[in-house]
Amino acid sequence: MSKSSLGLAALGVSSVLLLSACGGGGGSEGGAAGSFDQATTEVVNASEEQGGTLRYAISANIESTDPGNTYYGYVWNFSRYYARTLLTYNAEPGKTTETVPDMAAEMPEISDDGKSYTVKLRDGLTYEDGSAITSEDIKYGIARSNFGDDALPNGPRYFKELLADSEDYEGVNANPSDPLAGFDGIETPDDQTLVFHLKKPFADFPYVLVQPQTAPVPADADKGQQYQEHVVSSGPYKFEGDWTPGSGLTLVRNEEWNPDSDPVRPALPDKITVEEGVDQNEIDQRLINGELDVDLGGTGLGPAQKGDILTDEDAKANADNPENGSLRYVAVNTVVEPLDNEACRQAVMYAADHNSLQRAWGGAAGGEIPNDVIPPAIPGHDPKLDLYPSEGDKGDLDKAEAKLEECGEEDGFSTNLGVRSDRPTEVAAAEALQASLERVGIKVNIKQYPSDTFTNTQAGSPDFVHENELGLNIYGWIPDWPTGYGFLSYIAHGDNIKKAGNSNISELDDEEINEMLDEAVATEDASEQERLYKEIDRRIMETGAILPIVFEKSVLYRPENLTNVRFSAGYAMYDYMPLGTTNT
Amino acid sequence: MSAPSDAPEKQVEESGAAAEAAAKAPAAAERSLRQIAWQRFRRDKVAMGGAVVVVLLIAMAVLAPLLTKLFGFPPNEFHQDLMDPLTGGALNDPADPASGIDPWGGMSSEHLLGLEPVTGRDMFSRIVYGAQISLLVAFGATVLCVAIGTVLGIVAGYFGGITDTIISRAMDIFLAFPLLLFAIALAGVVPDGAFGLQGNALRVGLLIFIIGFFNWPYIGRIVRGQTLMLKEREFVEAARSLGAGSGHILFRELLPNLITPILVYSTLLIPTNIIFEASLSFLGVGINPPTPSWGGMLSDSLDFYTTSPHFVIIPGLAIFITVLAFNLFGDGLRDAFDPRSSD
C-alpha cells in the first residue's frame with residue numbers, strides 16, 4: 001500500500017521539477033518541489049500567496065497552548081501565531097540561531113555594567129479585541145509563569161533565576177488588588193518600555209527574551225492554567241472557540257492584528273488547524289500523501305517511514321536532514337569506580353566504535369559522528385578537535401589498552417550501563433557500545449529503565465547511580481537556547497549536580513570548566529566568548545566524562561503543497577511563522 | 001470400542017496397595033488406559049506432527065551452542081560490514097555500500113535466516129538461542145503454576161468447608177488480577193540483584209515467578225473439580241476405612257488419578273506462557289540485551305518493517321510455530337485421554 005502512494009508522490013515530484021525548470025523558480029500554484037536537504041540551508045517553495053488552510057497534526061496532545069506554561073520547542077515555535085514575544089529567532093536561512101526583535105522595536109539596550117536591559121515596544125501593538133498591548137501586560141506574563149509557589153508549572157524559570165530585586169515577590173495571586181507589587185526586577189516606566197535588572201551580567205539574556213513567557217497577558221483575562229482554553233491573541237491569528245487538551249485547535253485570522261507592527265510574520269494561510277493524538281505512522285503517511293502539511297511535533301519521520309523515504313530518490317527530494325541541535329551521548333560517570341580514574345574513562349573513549357554507534361542511530365541520516373561536545377550550530381564548536389582519533393572511527397584499541405594499564409585495570413573491568421528500555425535507538429546504541437568495549441576487556445552489563453523515571457530517579461539521581469554502579473548512562477541534551485552556556489551549563493557545570501532530576505549525569509565537577517563557564521556567560525565580546533567555549537569543549541573531551549554518540553539529525557518531510565519552508569536551528573524544526581500552503 | 005467409564009480405578013491398581021480392595025472393579029478393557037491413549041494418539045497425525053515439532057524445538061534449545069557452531073555465528077557477534085549504514089538493512093553486495101538493500105535480509109548459506117538490521121547479528125543463532133529463553137520461561141512457569149494449582153486444588157476439593165472457601169476466594173482474587181500491568185510494574189521496580197540472583201538469571205526467575213504464580217487458579221479449579229468428584233468414589237472410601245491418613249489419600253490415592261487432566265492442561269498452558277513471555281519481552285520488561293528473545297526481537301523489528309521485513313516475519317513465525325505445535329500436541333493428548341471420545 002505504501003509503495004503505490006509513494007509512487008504517486010514521486011510522480012508529482014518529477015512533473016513539478018520539470019515545471020519549475022521551465023518556469024524558473026517556485027510558483028505559488030502547484031507548488032514546486034525542492035531537492036534533498038534544501039530547506040536546511042535555503043527557502044523552499046518561496047511564496048507570498050495568501051489563503052488556504054494550513055493543516056498540522058501531532059502524535060500527542062499539545063503540551064499547552066498557554067505561552068507561559070510550556071517547555072516544548074514546538075509550542076514555542078507555534079504559539080507565536082497568537083502570542084507575540086519580545087524577541088524571536090531570525091527566519092532568514094543561515095542566521096536562524098540569531099535573535100531579532102518581534103514586539104520590541106529594536107534589540108535591547110544593555111547598560112555598561114551588563115546588568116540592565118532596556119526594551120522599547122513597537123507602535124500599534126494590539127490584542128484581538130483591539131485594545132493596546134502595554135509593557136505592564138508583558139511584565140504580568142513573566143510574573144505569572146516564573147514567580148510564586150503557584151507559578152505555572154511547565155515552563156523554565158530563567159527570569160526567577162536571573163532577575164534582581166524580586167526575591168520576596170510571591171507571584172500574581174499573592175496580592176489580588178495589586179498583582180505586581182514587590183516585583184521590582186522589571187521596571188515599566190511607561191506603556192512602551194521595559195527595563196530588566198539582572199543580579200549579574202548574563203550575556204545570553206536576549207535568548208531568555210525569546211521565550212513565549214514574554215508574550216503579553218492581560219491581567220483580567222488570566223485564569224491560571226485554564227488560560228490555555230482561550231489565549232488572548234496578540235498575533236495574526238486567534239482561537240476559534242476554546243481549546244481543551246486533545247480536542248484539536250483551530251486558528252482564524254485576527255482582524256485587529258496590525259501587519260505594519262510585525263516584520264516577522266507574513267501570515268499567509270487564512271486558517272490553521274491542529275489535529276491531536278494522531279499516530280506517528282499515520283501522520284507520516286498523510287504527509288507523504290499530501291493530506292497534511294506539517295508534523296507539529298517537529299521531530300521528523302518515525303523510523304519505519306524514514307527508511308522508505310531515504311531509499312526512494314524521488315521522495316527523498318521532499319525531505320530535509322538537518323542537525324536538530326541535540327547531542328546524544330554516553331555520560332561516563334566520574335564517581336563510580338573504576339571510572340573515577342580519568343585514564344579509565346579515556347580508555348572508554350578510545351575503545352568506543354563510533355562507526356557502530358552511528359549505525360545504531362540510523363547512520364548518516366541519524367546524525368554526524370562528533371569529535372567534541374558543542375554542536376556545529378553553536379559558537380564554540382571546534383571542527384578541528386580530535387582527541388581520540390581512530391581509523392574509520394572504529395576505535396583505537398592499542399591506545400585504549402595503554403590507558404587501561406595506566407589506570408591499573410590492564411585486564412579490563414566490569415561496569416553497568418543504564419538505558420531507557422522504551423527507546424529502541426538508545427538500546428541499540430547500548431548494545432553497540434557493549435560490543436565495542438568488550439574488545440578491550442571492558443564488560444558492560446546493560447540495565448534498562450522506563451523513560452518516564454530515568455532522568456529523575458535513576459540516571460538523574462547520583463545516589464541511585466552510585467548504588468547500582470551505573471558507570472555509563474545513555475542520555476541526550478537539547479539546549480534551551482543555542483549558545484555554549486545554554487548547552488553546557490546543565491550537563492557539565494559542577495554546581496548543577498542535583499539530588500534528583502540531575503542532568504549532569506557524569507557528575508563532572510571540574511574546577512577549570514566551572515570557572516570558564518562562569519566567565520564565558522559574563523563576557524559580552526563574542527569572539528572572546530567563543531574562545532572560552534572552545535577551551536571548555538576541549539577540556540570536557542579530555543576528562544572523558546562525555547562520550548559523544550551523534551550530533552543528531554532529523555528527517556523532516558515537506559509535502560509539495562507547503563510553501564516558504566525553511567529550517568530554524570533556533571527551534572530545531574521548520575520555522576512555522578513563514579509557512580504557507582497551496583491547500584485550499 | 002468405547003473406553004470404560006471407571007478408567008481411573010484401573011490406574012490406581014498400579015499405584016496404591018491400600019486401594020486393592022476397590023480396584024477389583026470389572027476390567028472392561030484388556031489394555032491399560034495409557035496403552036489405549038497412546039494408540040489413539042499415534043493415529044492422530046496432526047497431534048503427532050505437533051509432538052515431533054515440540055521435540056525438535058526442545059532439541060534446538062538444548063543444542064543451541066552446537067547448532068550455532070555448525071550453522072551460524074555467536075549470537076552477539078556484530079557483522080556491520082554487511083549492513084547498509086543508512087537504513088540498517090543487509091547489503092546486496094557487502095563489497096559495495098551503494099548496492100542497495102537485500103529484500104531477503106541477507107539470507108545466504110552462511111547466514112541461514114539472514115541478518116539482524118543495523119548490527120548484522122546472525123538471525124539463525126539468535127532464533128536458536130531465543131528458543132532457550134522462551135521455552136525455559138514457559139516450562140518453568142508451567143511447572144510452578146501446576147505445582148501450586150494442584151496442591152491447593154486438591155486440598156480445597158478434598159477438605160471442603162472453610163478450607164475450600166478460603167482457597168476458592170483466593171483463586172477468584174488471583175483471576176481478577178491485572179496480570180500484565182502487574183508484571184510490567186514489578187519488572188520495573190525489582191533491582192538488578194535480588195534473592196541471590198543477578199542479571200538475566202534474575203530476570204528469567206522473575207518472569208517464571210510472575211507468570212507461574214498468577215496463573216495457578218486455572219489449573220487449581222480443574223483439580224478441585226476433579227477431586228470433588230473422585231473423593232466420593234469407593235476406592236477413597238475403602239482407603240479411609242482401612243485407616244489411611246489424609247496425606248496418604250491426597251497424594252497416593254487422588255493424585256495419581258489426576259495426572260491425566262493435569263498433564264493435558266499443562267501442555268495447553270505452555271503455549272499461553274510462551275505468548276505471555278513474548279508479550280513481556282515485547283514491552284521491554286523481559287530479559288536484558290544482548291541476550292536474544294523472540295518477543296524482544298519482534299519488538300525491535302517494528303522500526304524496520306518497511307526495509308527489512310524478514311526481521312518481523314522470522315521471530316513471528318518462530319512464536320507462531322511453537323505455540324501451534326504445543327497446542328496441537330496438547331489437543332491430541334486431551335483427545336487421546338478423553339474417555340468420552342471414540343477411536
Side-chain angles (χ1 to χ4, degrees), chain A residues 2-3 6 281 284 302-312 321 353 355-366 392 394 416-425 427-432 434-436 438-439 444-453 458 464 467-470 555, chain B residues 74-89 97-98 100-101 103 116-121 184-185 187-193 198-200 202-203 280-292 296-309 311-312:
Chain A
S2 71
K3 273 276 174 232
L6 267 179
N281 267 321
D284 295 348
Q305 302 294 342
K306 196 156 88 174
D308 243 13
I309 293 293
L310 292 173
T311 47
D312 181 329
N321 194 201
D353 180 340
N355 180 284
S356 179
L357 285 169
Q358 186 197 31
R359 283 169 181 268
W361 219 274
K394 288 180 182 297
N416 296 327
L417 181 152
V419 63
R420 291 175 265 211
S421 59
D422 44 358
R423 302 222 178 159
T425 324
V427 176
E431 288 183 85
Q434 183 183 46
S436 61
E438 194 159 3
R439 299 179 299 177
V444 175
N445 306 308
I446 297 175
K447 308 282 178 196
Q448 302 191 80
Y449 302 103
S451 63
D452 48 351
T453 57
Q458 279 115 19
F464 186 92
E467 216 166 283
N468 291 277
E469 296 186 4
L470 291 174
V555 178
Chain B
N76 298 329
E77 191 176 278
F78 281 44
H79 299 275
Q80 290 187 317
D81 45 326
L82 305 176
M83 313 309 288
D84 173 29
L86 197 60
T87 56
I101 315 166
E116 183 185 72
V118 178
T119 59
R121 293 184 289 204
I184 294 170
V189 295
V190 167
D192 301 314
Q198 273 287 330
N200 275 337
L202 176 68
R203 307 297 290 188
L280 288 177
S281 295
F282 185 87
L283 293 169
V285 293
I287 52 164
N288 285 320
T291 309
M297 289 169 87
L298 205 53
S299 146
D300 289 347
S301 71
L302 293 186
D303 286 352
F304 301 95
Y305 76 90
T306 53
T307 48
S308 302
F311 193 24
V312 189

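Letters go in sequence order (proteins before strands), and every chain restarts at 1.
Residues Gln80(B) and Thr119(B) approach most closely at CG-O, 3.5 Å, considering heavy atoms. Glu77(B) and Arg121(B) get closest at one heavy-atom pair: O-CG, 3.3 Å. Taking each heavy atom of Arg420(A) and Val427(A) in turn, the nearest pair found is O-CG2, 3.6 Å.
For the options Leu86(B), Asp84(B), Leu302(B), Asp300(B), heavy-atom pairs under 4.5 Å to chain A are most numerous at Leu86(B). Among Ala364(A), Gly366(A), Ser436(A), Gly362(A), the residue with the largest count of heavy-atom pairs under 4.5 Å with chain B is Gly362(A).
Heavy atoms of Ala365(A) lying under 4.5 Å from chain B belong to its backbone as well as its side chain. For a residue to count as touching a neighbouring chain, one of its non-hydrogen atoms must lie under 4.5 Å from one of that chain's; by this rule Phe304(B) does not touch chain A. Heavy atoms closer than 4.5 Å to chain B are found in both the backbone and the side chain of Ser356(A). Of the two parts of Glu431(A), the backbone and the side chain both hold a non-hydrogen atom closer than 4.5 Å to a non-hydrogen atom of chain B.
Annotation: the span from Thr307(B) atom OG1 to Gln305(A) atom CD amounts to 10.5 Å, rounded to 0.5 Å.
Relative ring orientation between Tyr449(A) and Phe464(A) is described as perpendicular, the plane-to-plane angle rising above 60° on a 0-90° scale split at 30° and 60°.
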